[in-house]
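Computed from heavy atoms alone, side chains included, the values below leave out hydrogens, waters and symmetry copies.
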Protein chains: 2
Amino acid sequence: MAADRPTGKTLAGDAYERIRGAIQDGRLRPGDRLRFADLQALCAMSVTPVREALARLTAEGFTVLDDHRGFSVASLSLSELRDITANRKLCEGEALRLSIERGDGEWEARIVATHHLLARVPQGRDDMPSVIRHDWDERHAAFHQALISACGSPILLDTCLRLFGHAGRYRRVSVSLSGLQRDVEAEHRQLMELALARDGQGAVAALHAHYQRTADALEAFFDGRVA
Amino acid sequence: MAADRPTGKTLAGDAYERIRGAIQDGRLRPGDRLRFADLQALCAMSVTPVREALARLTAEGFTVLDDHRGFSVASLSLSELRDITANRKLCEGEALRLSIERGDGEWEARIVATHHLLARVPQGRDDMPSVIRHDWDERHAAFHQALISACGSPILLDTCLRLFGHAGRYRRVSVSLSGLQRDVEAEHRQLMELALARDGQGAVAALHAHYQRTADALEAFFDGRVA
DNA sequence: ATGGCATGGATTTTCGAAAATCGTTGACTC
DNA sequence: GAGTCAACGATTTTCGAAAATCCATGCCAT
């Protein structure tokens with residue numbers, strides 16, 4: 001892994017991606033306090049761009065800020081998981097319904113293409129099945145994004161993307177125990193087929209079930225372990 | 001108006017509120033470029049807190065950032081207005097439905113109280129009817145917030161609050177021409193009564209109509225005037 | 001022993017200047 | 001005359017240190 005990538009555009013943007021990445025793949029864990037000294041070491045830059053990155057992350061809910069007490073990684077909770085799930089059902093469900101109504105041939109092509117890529121990699125790593133593969137994570141996101149990409153509402157897409165990102169903080173924990181119990185691949189294939197068949201009702205129902213199963217598996221795992 | 005209020009907690013937080021306020025009441029207009037020199041003069045502080053404020057505002061969509069070309073106020077567009085309206089119908093509608101389902105006595109009390117306050121001030125200023133009164137704006141927001149405050153979903157509430165804020169950038173333009181043509185007070189009273197009567201279907205329908213009328217009035221006004 | 005208060009260290013927050021970047025003006029070539 | 005390229009000015013972006021703030025420790029009085 002490249003320790004120093006060729007700074008995309010601004011250092012602040014780099015810091016944002018790097019810290020967000022560290023949060024999402026578990027190197028920074030929920031509740032951890034974020035000291036500027038550590039973050040400067042991680043990102044190899046001064047305090048200003050780090051601070052801007054944290055400001056963005058906080059506005060998106062990945063970190064929280066106590067005035068004059070610094071930033072910390074947002075903590076996980078059962079109630080937030082339920083809340084995220086309910087909101088995903090509402091927003092992504094509507095976005096999927098609209099996409100099925102409005103989608104054209106290119107939308108269908110995006111679904112087929114992203115699903116094909118997703119189906120070609122396993123969910124967990126061979127050496128450590130409990131850790132999600134980075135490429136699976138990216139392709140999984142791309143597939144779900146493709147499903148709703150024809151909804152015609154940038155704001156709704158943004159909301160869905162935000163929710164997906166938050167759910168990702170929980171998803172990393174989920175795959176470790178549900179890998180064998182669920183056939184996630186089949187669920188994705190079914191979603192694709194229902195969408196391509198323009199079955200709005202069925203696709204939304206399948207999406208709801210997809211999210212509910214994820215939430216249920218997590219609920220059983222989390223119960224008693226977090227607030 | 002106090003030019004220098006007793007800095008709430010941090011300067012960055014102050015700058016955020018001040019700049020957002022300037023955007024929402026029209027002193028900074030859509031499309032305006034935001035030069036740090038001007039903003040430092042407005043906020044009476046150095047560049048660092050201003051930058052953090054802009055980072056937050058950008059994450060919320062009130063401003064936009066072109067890398068190395070600085071920040072500017074997000075511009076208005078007909079398509080965004082339609083998008084905001086559609087999303088408000090979806091999200092606030094659901095939040096209202098849930099609140100009617102779950103709301104208790106204190107929820108009802110909040111609605112009655114905020115409506116009472118709202119009904120006691122006129123929408124436009126006496127001297128300049130085309131300019132929204134600040135206190136009306138605040139009370140209007142409080143009333144709509146109260147309606148959905150019992151939905152039980154912090155995330156949904158946050159989404160609604162964000163959408164309400166964005167709609168506010170358009171609302172300021174709206175009142176100048178629709179003041180006489182619409183009886184907004186009656187619409188608010190009807191919303192309150194339907195909610196207290198626990199008529200979920202009716203209340204959501206009334207909310208949708210409320211937003212659609214606002215959007216229609218704006219559409220007629222904006223047409224041809226913005227992108 | 002217990003409660004309040006001042007002191008010290010660790011950390012965040014802010015400052016003012018230096019470095020980097022972009023758009024433009026102007027000269028120069030074809 | 002049109003197009004290309006280099007240097008300038010304006011502005012953003014970043015730095016490193018100073019100022020402000022919070023938490024904890026220890027002291028003193030009750």
Side-chain angles (χ1 to χ4, degrees), chain A residues 2-23 27-75, chain B residues 3-23 28-75:
Chain A
D4 52 302
R5 37 186 158 176
T7 174
K9 260 308 183 188
T10 68
L11 287 182
D14 245 35
Y16 171 84
E17 290 182 11
R18 197 171 292 209
I19 297 173
R20 174 166 169 165
I23 289 175
R27 283 156 54 206
L28 294 173
R29 294 194 300 182
D32 278 359
R33 186 153 173 217
L34 297 172
R35 270 174 277 267
F36 278 94
D38 303 340
L39 264 43
Q40 285 183 61
L42 171 65
C43 298
M45 61 185 67
S46 180
V47 63
T48 312
V50 171
R51 188 167 186 79
E52 178 168 340
L54 289 175
R56 290 192 215 173
L57 287 165
T58 298
E60 294 178 13
F62 288 100
T63 56
V64 294
L65 165 61
D66 295 339
D67 283 328
H68 289 287
R69 272 201 272 173
F71 296 84
S72 55
V73 181
S75 52
Chain B
D4 53 302
R5 38 185 154 174
T7 173
K9 259 309 182 186
T10 68
L11 287 183
D14 244 36
Y16 171 84
E17 290 182 10
R18 196 171 294 208
I19 296 173
R20 175 167 169 164
I23 290 175
L28 294 173
R29 295 193 301 181
D32 278 0
R33 186 151 172 221
L34 297 172
R35 269 173 277 267
F36 279 94
D38 302 341
L39 264 44
Q40 285 183 61
L42 171 64
C43 298
M45 61 186 67
S46 179
V47 64
T48 311
V50 171
R51 189 167 185 81
E52 178 168 339
L54 288 175
R56 291 192 214 173
L57 287 165
T58 298
E60 293 178 12
F62 288 101
T63 55
V64 294
L65 165 62
D66 294 340
D67 282 330
H68 288 286
R69 272 200 274 172
F71 297 84
S72 56
V73 181
S75 53

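Remark: A/R56 engages A/E52 in a salt bridge, criterion side-chain N to carboxylate O under 4.0 Å.
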Item to check | Working for side-chain contact (heavy atoms from CB on, under 4.5 Å), residues B/F71 and B/R51 | outcome: CA-CA 9 Å; B/F71 297 84; B/R51 189 167 185 81; 3.8 Å; yes
Next on the checklist: Before you tell me yes or no, could you show the steps for B/V64 and B/T58 under side-chain contact (heavy atoms from CB on, under 4.5 Å), namely the whole-Å CA-CA distance, both residues' side-chain angles and the distance that decides it to 0.1 Å?
Outcome noted: CA-CA 5 Å; B/V64 294; B/T58 298; 5.6 Å; no
Next on the checklist: Set out, in order, the CA-CA distance, both residues' side-chain angles and the distance that settles side-chain contact (heavy atoms from CB on, under 4.5 Å) for A/R20 and A/R18, then state yes or no.
Outcome noted: CA-CA 5 Å; A/R20 174 166 169 165; A/R18 197 171 292 209; over 6 Å; no
Next on the checklist: Pair B/K9, B/D14 - check side-chain contact (heavy atoms from CB on, under 4.5 Å), show working.
Outcome noted: CA-CA 8 Å; B/K9 259 309 182 186; B/D14 244 36; over 6 Å; no
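Bounding nucleotides for the chain B contact on DNA chain C, 5' to 3', at a heavy-atom distance below 4.0 Å, are C/dT14 to C/dG23.
In terms of heavy atoms, B/L11 sits closest to B/M45 at O-CE, 3.7 Å.
Taking a 4.0 Å limit (strictly below) on heavy-atom distances, residues 43-51 of chain A reaches DNA chain D at A/M45, A/S46, A/T48, A/P49.
Residue contacts for A/L54: at a heavy-atom cut-off of 4.0 Å it reaches no nucleic acid atom on any strand shown. Counting non-hydrogen atoms under 4.0 angstrom, B/L65 reaches the backbone sugars and phosphates but no base.
Position along DNA chain D of the nearest nucleotide to A/R69 versus A/E52 favours A/E52 as the more 5'-ward residue.
No side-chain donor-acceptor contact under 3.5 Å links B/T63 to the backbone of B/S72. Not a single donor-acceptor pair under 3.5 Å links the side chain of B/H68 to the backbone N or O of A/T10.
The nearest whole Å value for the distance from the CZ atom in A/R35 to the C1' atom in D/dT21 is 17 Å. For the pair A/F71 CZ and D/dT21 P, the interatomic distance rounds to 17 Å; values are reported in whole Å.
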